[in-house]
Amino acid sequence: MRINQNISAMAALRNLGTNNDKMTKSLDKLSSGFRINRAADDAAGLVISEGLRSQVGGLKVAMRNAQDGISVVQTAEGALTEVHSILQRMRDLTVQASNTGTNGTEARTAMQDEVDQLSAEITRITGNTKFNGVNLFDGNFGKTATSRSAFDADGSVQLTDDETFTLTVGSEAAVTVTVDDNTRTGAAFASYLEGAIRDALLSSGDADNHAFADKISVSAEAVGAGYAFTIENATGQAVALAEGTGTPLGDIGFDITTSIAAGSGSGGEFQVGSNANETISVSIAAMNSTSLGVNALDLVNGNHGTILDDIDDAILAVSTVRGELGAIQNRFEHTIANLGVAMENISASESRIRDVDMASEMAAFTRNQIMTQAGTAMLAQANATSQNVLSLLR
């Protein structure tokens, strides 16, 4: 018998340590509920489960985004419900005003006053209908505001009287803008040019150009010793310019190939998926009384048949937008339902990889606990066997 090396005790100690480590890991899993608590538990499983967990998190946010989309659509549609009611009232008044056999000028004037107020209310409602500070009916919902420097002057304007250039807003009829003042610079010239453009739009005889008149703005910014001028169109329509008589634009360094828009893009983008480009676009047209064509109705002296046609067109335009919003809301609702199913299935997949099977792990823990207890007892026995040598030394 040898006593310098107690091989039995060493083997018992090694097995005891192994079983103790297994029991500790089982305790870790049982207490956390996860089969994978660290990469060493299952390196491949950790990578897969983290990817699935990212998808689940993205789907949860996407569901909230889609629900926000429904809120936006409901807010817009609610406002248009009232606009519809106003348009119907304006149509009733027009039909009543058409009855000239019983309604004199005074009566039609009273009806005109109400129509004017109703028209103003349409503009007020659509102008104040916002979601989280974003206007829904200015024609630029969800679009990115962009403007490019249109002028690059040295600070002075050298123009000849009655020089002209051509301006086209969107696809509407082109108008000729007359530049007949050669004394202004900087902000003063920007204000003057803005007025000249508006005058040209208003005097063009085109109703659509009239609608753009108060949407055009020109601003000046000091750049070095000169100024940079910017033309913006609040409707988001492109502004195209070309030289006319003389070279007024060239004289102040204008690039006639430049076009500027206040808004670009297809509309508000709602991220309804956990990955890039999984979006739903919502576009809402401008809905004020001017864009609807009911801002200048004349019930006193106008052609009531034409007015009725204009109001009917406006009712149809609002109905179309409301129908589109309703369809989008239904789409959002289906999207939310689909996201819920996807999130449920992906969560189940992630759970199968990462979560611990409590019953199976409890059985393993019980085994490891028994093995640890037995190992401790056997280590004690192995240590005790060396004492048998003492009987030989007596």
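Note that these values count all heavy atoms, side chains included, but never hydrogens, waters or copies made by symmetry. Computed from a prediction, not measured in an experiment: that's the story for all the values here.
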- Query: Do you see a donor-acceptor pair shorter than 3.5 Å between the side chains of Arg322 and Thr81?
  - Reply: yes
- Please report the closest heavy-atom contact between Ala79 and Thr129, naming both atoms and the distance. CB-OG1, 3.5 Å
- Item | Under 3.5 Å side-chain donor-acceptor pair for Glu361 and Ser26 | yes
- Query: Does Met343 share a hydrophobic cluster with Val61, counting links as ILVMFWY side-chain heavy atoms below 4.5 Å and allowing steps through other members?
  - Reply: no
- Query: Taking atom OG1 of Thr306 and atom CG of Asp298, what is their separation to the nearest 0.5 Å?
  - Reply: 11.5 Å
- Query: Do the charged groups of Arg38 and Asp28 touch, with an N to O distance under 4.0 Å?
  - Reply: yes
- Query: Side chains of Ser291 and Asn288: is there a donor and an acceptor less than 3.5 Å apart?
  - Reply: yes
- Ser289 and Thr123: side chain donor to acceptor below 3.5 Å: yes
- Message: Both conditions, 6.0 Å and 45 degrees, for the charged tip of Arg331 above the ring of Phe270: are they met here?
- Response: no
- Identify whether Leu30 and Met371 are in the same connected component of the hydrophobic contact network (ILVMFWY, side-chain heavy atoms under 4.5 Å). no
- Message: Would you say that more than 12 heavy atoms from the other residues, nucleotides or ligands in this model lie under 6.0 Å from the CD of Glu121, or not?
- Response: yes
- Message: For Val73 versus Leu325, what's the shortest heavy-atom pair and its separation?
- Response: CG1-O, 3.1 Å
- Quick one: does Val282's side chain get under 4.5 Å of Phe141's, heavy atoms only? yes
- Message: According to a hydrophobic-cluster definition based on side-chain heavy atoms being under 4.5 Å apart (Ile, Leu, Val, Met, Phe, Trp, Tyr only), do Val300 and Val95 belong together?
- Response: no
- Query: Salt bridge check: are Arg35 and Asp355 linked by an N-O gap of less than 4.0 Å?
  - Reply: no
- hydrophobic_cluster_shared for Val134 and Met287, side chain cutoff 4.5 Å: yes
- Asp92 and Gln96: side chain donor to acceptor below 3.5 Å: no
- Query: Given the rule that I, L, V, M, F, W and Y join up when any side-chain heavy atoms are under 4.5 Å apart, are Val56 and Ile353 in one cluster?
  - Reply: yes
- Exercise: do Glu269 and Thr279 side chains pair donor with acceptor under 3.5 Å: yes
- Note on the structure: Tightest non-hydrogen contact, residues Ile36 and Gly45, listed as CD1-C, 3.7 Å
- Carefully, step by step, assess Gln88 and Ile315 under the rule side-chain contact (heavy atoms from CB on, under 4.5 Å). CA-CA 8 Å; Gln88 296 290 1; Ile315 291 174; 3.9 Å; yes
- Just checking, any donor-acceptor pair under 3.5 angstrom between side chains of Ser32 and Asn37? yes
- Query: Any idea which heavy atoms bring Ile125 and Glu82 closest together, and the distance?
  - Reply: CD1-CG, 3.9 Å
